[in-house]
Amino acid sequence: MALLEIEGLTKQFGGLLALGGVDFHIEEGEIVSVIGPNGAGKTTFFNTISGMFPPDEGEILFDGRDVAGLTPDQITKRGIARTFQNVRLFPNMTVLENIMVAQHSRTHKGVFSALFQTPGFRKEEQEIRDRARDVLGFFGTRLIGYRFDQPAFMLSYANRRRLEIARAMGTQPRLLLLDEPTAGMNPRETAELTGLIRKLRDERGFTIVVIEHEMKVVRDVSDRVVVLDHGVQIAEGSYDEVSTNEDVIEAYLGRPAESH
Amino acid sequence: MATRTTSSPRLRLNQDVSTLAVDVFLFAMKVALIFFSAWAVVGTIALQVNGSGLTAVAWRDLIVGGLAQGFMYGLIALGYSMVYGVLGFINFAHGEVFMAGAMAAYFVADALFDAGLWESAFVVAVLIVLLSAVLVSTVVAVLVERIAYRRLRGAPRLIPLITSIGMSFFLQYAVKGLFGGSFKTFPQLPEGLQDRVGIFGLEIEGIKLLVIATAIVSMFGLWLFVERSRTGRAIRAVAEDKEIAGLMGIDVNRTIVMTFAVGGAMAGVGGMLWAMLFRKVFFLTGFLPGIKAFTAAVLGGIGNLGGAMLGGVTLGLVEASGPNMLGGLSWEIPTWLAYVGAVLAAATAYWGIQRLRSGDARKAGSSLGMVVMGVVGVFLGIFVLPGFSATIPGASQLKDMIAFVVLIGVLMVRPVGLLGERLAVEERA
Amino acid sequence: MIELAATSEIDTRKVLRLGAIAGITAVFVAAIGMVEVFDTRSVIDPVLSLGYLSLAWIPLLFGYRVTYEPVLEGMEPPRKGPHNLIGGAAAGLVGGAVLGAFLLVIDVIDIREILLNVTPELVGILGFDQSAAVGATILMALGAGLGAIGGMFHVLSDRWRRAVSSAFVWVLIIGFIELVLGNVFDGLAVGFLDDLVYSENRGVTIGAAVVIAVVVIFMHFQFTGRASRVRERFQALPENKRRSTGFMVATALMAVGLLAPSVFGPFLNEVLATVGLFMLMGLGLNVVVGFAGLLDLGYVAFFAVGAYTTAVFTSPLTPGDFSPELAFFSALPFVIIMAAIAGIIVGTPVIRMRGDYLAIVTLAFGEIARLVFQADWLKGTFGGAQGILRIGEGMIVTLFGYVLAGVGIVVGIIGFLRWRSARADDDASSAKTAGVWIGLGTVATVAGLLFPDFASWTVTGIDSEAVFRLVLIFVALAAFVSWRLQDSRIGRAWMAMREDEQVAETMGINVVTAKLLAFIIGAILAALGGALFAVKIGTIFPSSFKIVQSIIILVVVIVGGMGSLRGVAVGALVLIGVLGGPTQPGMLREFQEFKLLIYGVLLVYMMLQRPEGLAPSARRSQELHGDELKQDVWLGKDQEGED
């Protein structure tokens with residue numbers, strides 16, 4: 001059974017049909033890219049899956065259970081984590097805290113244990129800290145050491161992007177939704193991140209959906225590519241299949257007949 | 001393929017317990033609000049039919065009073081709405097801008113009264129008073145923007161809000177310190193305005209008529225200004241997107257100042273009318289009308305100018321008739337009506353169960369709320385409500401509360417107001 | 001030549017503008033009555049009264065500002081020189097001229113009809129009891145002189161600038177706290193010091209002022225950097241050492257706080273009790289506003305709930321039939337329960353509202369609470385406008401033995417938990433420590449139960465000394481709760497929510513519970529404040545629970561620094577201690593009339609200039625003065641140009 005199975009996902013904003021019945025599925029351990037021209041509904045697709053707004057119609061089955069209409073925190077709890085196109089960290093929290101707070105749904109010590117600092121509370125805090133260090137270690141030396149205690153706003157742009165991925169990892173998900181992870185990065189950083197995305201799957205076992213504009217990245221990371229345009233899926237397949245598909249080329253370049 | 005869960009006959013509370021509990025609680029609050037409002041309205045009508053209600057004259061006076069008050073709320077609300085539309089924050093100090101206008105009106109009117117002009121040439125005097133009230137309010141509004149808000153462009157919403165609270169305090173107590181803390185009594189109006197004037201076959205106090213007419217004229221002027229003038233177009237453009245408006249060659253700073261000036265002017269008109277109608281002004285005059293006008297702005301959809309007026313009038317009417325409506329609660333609910341209610345509640349509960357069966361998390365909270373409130377409703381309808389009545393002594397003391405309850409209710413049920421927030425651009429992709 | 005170079009560096013328009021603003025500020029201060037009211041209070045006897053001080057700071061500040069250039073990265077530091085002095089003097093002169101003109105006007109025309117406080121006395125004070133023309137000339141000369149002194153601060157080296165300004169500040173502080181020092185001197189039986197430092201007019205004698213200034217400057221050069229070195233060493237300590245040191249400092253402060261009232265007089269203790277109350281409520285509001293980022297403007301509602309619950313449960317004169325006449329401490333659990341319920345009622349509807357709507361709706365709840373308590377409708381329960389009398393009979397009695405037993409049980413439980421975890425980890429030394437805890441706990445419990453009447457402690461509402469101690473214990477409790485929560489899973493969740501609610505939710509934080517929890521904890525702390533308030537005063541009226549109260553607590557939190565425990569303490573001490581609460585007087589009773597005005601100004605000033613507060617949490621100061629932000633400011637300046 002597929003890890004995520006979506007049927008007829010529809011979302012309207014006022015009169016604008018952002019998603020017009022999208023079907024989508026991803027198997028455990030797969031990396032799927034979602035591409036499409038601007039305004040194709042890719043980010044809305046992510047927003048709907050992650051519960052930021054409920055779909056108007058359609059089913060989202062995660063691990064066989066319907067998660068449509070759940071609040072974002074419950075969806076995260078069930079194992080879906082995401083990043084944002086326009087990097088939305090907690091800028092005034094430290095790098096380490098950004099990851100620690102992401103483990104919220106995996107931990108459960110409440111007010112009283114915090115007040116009395118029970119042994120269980122201390123143990124959990126230590127675990128949270130250790131896990132955060134472990135997650136940050138995934139990015140080599142970029143986010144560790146003195147960076148642990150730096151507020152996130154002091155990081156470079158590329159490091160902020162990395163930290164956002166790390167934060168998503170911190171929620172201990174099964175499925176990662178990465179929204180344009182390489183946007184605004186230089187070619188060298190892009191290449192490094194491409195490798196990291198594969199490593200995320202190979203070493204950490206995440207299933208990954210990526211929205212990406214950079215075709216080189218799409219080619220290098222994806223097992224399968226899904227193309228959206230105007231809120232509907234217009235093509236699906238391997239990178240080579242999709243890149244030669246006429247509908248896709250049309251969606252990106254426009255219909256030749258219309259150019260007059 | 002996907003296993004279909006929608007047809008599962010089981011009840012599925014596919015939600016977090018705390019989310020559900022909060023949803024149910026909110027649902028209960030809404031139901032209670034609607035229930036009491038309905039009871040009050042129906043009760044008032046029933047008492048009226050029984051002949052134990054107010055006389056037609058009393059109702060007319062209530063409504064006219066409410067209209068006059070409501071139009072003044074509307075005038076103040078315009079300022080809240082415009083600033084919110086353009087800068088996206090609540091200018092808490094706007095009530096004090098209004099108070100400054102009322103104060104100015106008092107001082108000028110008092111001086112004119114001493115000079116004898118008040119009696120000899122009333123129309124000229126009132127125009128002078130109006131002009132000075134508008135002038136003072138405008139200047140205060142613009143100064144507040146210049147001193148406090150300009151440096152906060154782009155700061156998080158709450159920062160300018162807190163600043164405006166500080167400004168509001170400062171203005172109140174500055175006025176108290178400068179001009180004293182006692183009530184100032186506005187000069188007596190000429191006979192003609194105190195008497196009732198016949199219009200459309202109704203006898204209405206002249207002053208209230210004047211208030212309503214002036215307010216309508218001012219609002220119409222504002223509408224023309226915003227819709228037709230160059231500056232008005234600039235204001236609307238800046239409200240849509242400051243950066244792009246700037247790129248299009250609009251002087252954003254000047255436009256924002258104009259917004260404050262226009263809002264201030266409207267508050268000045270309101271202040272002058274307030275001073276004339278109630279004839280009492282002091283340094284806290286701006287506080288309650290300010291909050292109520294904000295309620296009016298929210299009621300009509302903040303950022304929406306038409307909505308501000310509509311909201312103001314609605315609030316004025318509700319407030320005027322509210323205490324009397326509370327009297328409607330003393331109407332004994334007939335047994336048959338309670339039973340009908342119980343049946344309806346039972347139906348609601350059943351419907352809620354049906355909705356729960358669909359297992360759709362999107363509806364879980366409200367469905368559970370329907371079930372819970374349905375059951376409660378059945379119980380109340382059968383055992384409590386038949387013949388039940390509530391008398392609230394001193395209902396008029398709760399008059400100020402009505403506006404607050406309306407505010408909470410509106411924001412709970414429909415956060416974008418009656419007409420929607422036209423100018424607000426909020427959606428983040 | 002030098003003169004020319006100097007004048008060319010002075011921006012005439014800026015001088016005129018700032019001078020005019022200075023003048024208008026001075027006229028405002030005079031017209032509002034501050035100068036006259038403050039004139040009776042001497043600060044440095046006989047040269048400076050508080051009245052003149054309320055004017056003198058204006059040319060000093062504006063004289064400094066007029067040639068102030070922000071030092072920005074990558075730019076030459078601005079040149080210093082005579083132009084600083086001349087510019088300052090010029091601005092001061094303009095300011096003095098405006099005030100002088102005002103003096104000339106009010107000397108001729110009587111405008112008391114409109115501006116109540118423009119009295120002949122004011123004319124006398126402003127004109128130094130000379131004719132108006134002479135007075136105006138003196139004002140201009142003084143303005144220019146003070147402006148030049150303000151400008152002189154640019155010329156001084158950094159060290160001297162700091163030394164001189166702290167000398168100024170210390171002289172003023174010592175002048176202000178005559179009451180405290182006088183009390184302390186008397187309390188310590190060294191009353192003669194009082195006569196040495198202070199004159200009969202309650203101001204510092206001029207000799208003492210000079211001595212203080214010299215001492216402060218000397219100390220400054222002797223000890224500069226010590227404080228930061230101590231802090232560095234503290235920060236270098238390992239985590240657990242730092243914790244225990246912090247704990248020791250807190251305990252020491254607590255002990256000083258508990259002992260302090262004995263040397264203070266009744267008035268000061270009254271002030272301190274008020275300070276403590278506001279600290280308690282400030283800590284509560286800090287959880288809601290500072291930690292969770294929810295701007296609650298109706299905080300007074302919870303305060304009222306606490307006060308009324310206490311009243312109904314303890315007073316023998318409750319208006320209704322329900323009158324359990326409990327003792328204060330027995331009523332507390334009900335206070336907490338009612339507060340939690342109120343927190344839920346207010347918190348639930350606002351959960352899904354935007355931040356600014358939340359603020360206004362909570363404000364509405366605050367007013368609704370007051371109207372409900374005031375209305376005849378519920379007069380049978382809450383007494384309407386007549387309020388409730390004889391609360392807690394103004395008396396609070398604790399049986400120390402039971403308290404001891406309670407503490408013992410808690411210590412014992414903690415010891416047991418530690419012992420269990422130590423055993424699990426095979427840590428013998430920890431297990432031994434845990435054993436000591438268990439032993440102490442047992443002894444305390446047994447002793448407490450055997451002698452429940454031992455050292456029973458009576459506190460009456462009029463005994464401000466005891467009330468202060470009681471309040472202090474609650475403050476310590478609230479500080480402890482805030483401190484522990486801040487650094488925990490829930491504290492981090494609040495912080496994330498404050499930063500970006502939507503993202504926090506997608507990171508798995510249930511904002512519904514997080515917000516409600518913040519509201520409930522805030523409500524409980526406020527209600528405890530209300531309970532103490534009720535028994536302290538003994539009588540409550542709905543008029544004690546106006547919106548002003550909420551705003552003042554907010555000012556305390558914001559001036560101190562949102563999210564900072566130290567900030568709340570500093571804010572409450574400085575604001576409530578010096579200026580006073582909404583109705584309660586502070587140390588400077590002269591400010592009574594003007595404190596709400598000053599609170600308003602402070603709120604605006606803090607938001608514009610120091611949004612992180614006086615004693616910010618480490619995080620906030622970093623966030624608001626980070627290097628990147630400095631760059632942004634610089635870029636912003638570039639784009640906007642001169643306004």
Side-chain angles (χ1 to χ4, degrees), chain A residues 46-47 50-52 71-84 87-94 97-125 128 150-154 164 167-168 170-173 177, chain C residues 243 352 410 413-414 416-425 430 434 477 480-514 517-518 520-521 563 612 617-620 622-624 626-629:
Chain A
F46 269 19
N47 286 345
S50 61
M52 280 169 78
T71 49
D73 58 293
Q74 286 166 282
I75 288 177
T76 307
K77 198 169 179 178
R78 288 177 196 205
I80 302 179
R82 68 169 294 180
T83 66
F84 295 87
V87 194
R88 289 167 74 180
L89 290 167
F90 303 121
N92 299 311
M93 295 172 78
T94 66
E97 281 172 339
N98 262 282
I99 317 293
M100 287 168 79
V101 80
Q103 298 174 40
H104 193 86
S105 59
R106 305 284 166 228
T107 47
H108 47 265
K109 290 291 180 221
V111 174
F112 288 100
S113 42
L115 285 186
F116 299 111
Q117 301 242 320
T118 56
F121 173 82
R122 289 184 184 199
K123 206 170 141 213
E124 190 182 271
E125 282 287 293
I128 292 173
Q150 249 178 8
F153 72 78
M154 287 179 103
E164 222 195 5
R167 190 179 60 183
T171 66
Q172 302 169 45
L177 310 176
Chain C
R243 240 161 220 271
R352 294 280 170 200
V410 171
I413 290 174
I414 294 177
F416 175 72
L417 290 172
R418 292 197 160 181
W419 174 72
R420 216 178 48 176
S421 79
R423 205 184 47 172
D425 297 349
S430 303
L477 202 73
F480 177 78
V481 169
S482 310
W483 174 60
R484 278 283 164 91
L485 287 183
Q486 190 176 18
D487 213 8
S488 75
R489 173 173 168 270
I490 186 74
R492 284 191 297 270
W494 282 335
M495 213 188 314
M497 206 168 69
R498 192 185 69 198
E499 301 268 292
D500 189 331
E501 187 179 326
Q502 218 177 7
V503 177
E505 208 174 359
T506 32
M507 287 304 131
I509 292 161
N510 186 339
V511 292
V512 171
T513 13
L517 198 59
I520 292 171
I521 292 174
E612 78 276 18
S617 56
R619 183 189 315 282
R620 283 270 165 133
Q622 210 172 15
E623 123 195 9
L624 291 158
D627 295 330
E628 286 189 350
L629 291 184

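By convention in this document, chain letters (A, B, ...) are assigned in the order of the sequence lines, proteins followed by strands, and residues within each chain are numbered from 1.
Within the 4.5 Å cutoff, the side chain of M507(C) has no heavy atoms near those of the T76(A) side chain. Considering only heavy atoms from C-beta on, D73(A) comes within 4.5 Å of N510(C) through its side chain.
Closest heavy-atom contact between A493(C) and H104(A): CB-CE1, 3.4 Å. Scanning all heavy atoms of the two residues, the minimum distance from A114(A) to S488(C) falls at CB-CB, 3.7 Å. Of all heavy-atom pairs spanning F84(A) and T506(C), the tightest one is CZ-OG1, 3.5 Å. Heavy-atom minimum distance, K109(A) versus R489(C): O-NH1, 3.2 Å. The two residues D500(C) and F90(A) have their closest heavy-atom pair at O-CE2, 3.8 Å.
Chain A forms more heavy-atom pairs under 4.5 Å with one residue of L485(C), I414(C), I413(C), I490(C) than with any other, namely L485(C). Taking chain C as the reference chain and counting heavy-atom pairs below 4.5 Å, the highest number among S113(A), G51(A), P91(A) is found for P91(A). Between chain C and the options I80(A), I75(A), V101(A), N98(A), heavy-atom pairs under 4.5 Å are most frequent for V101(A). Counting heavy-atom pairs under 4.5 Å between each of I509(C), V511(C), V481(C) and chain A puts I509(C) at the top.
Looking at T171(A), the atoms closer than 4.5 Å to chain C (heavy atoms on both sides) all sit in the side chain, from C-beta outward. Of the atoms belonging to E124(A), it is side-chain heavy atoms, and not backbone ones, that fall under 4.5 Å from chain C. At a 4.5 Å heavy-atom cutoff, the contact between R122(A) and chain C is made by side-chain atoms alone.
Looking at R88(A) and E499(C), no side-chain N of the basic residue comes within less than 4.0 Å of a carboxylate O on the acidic one, giving no salt bridge.
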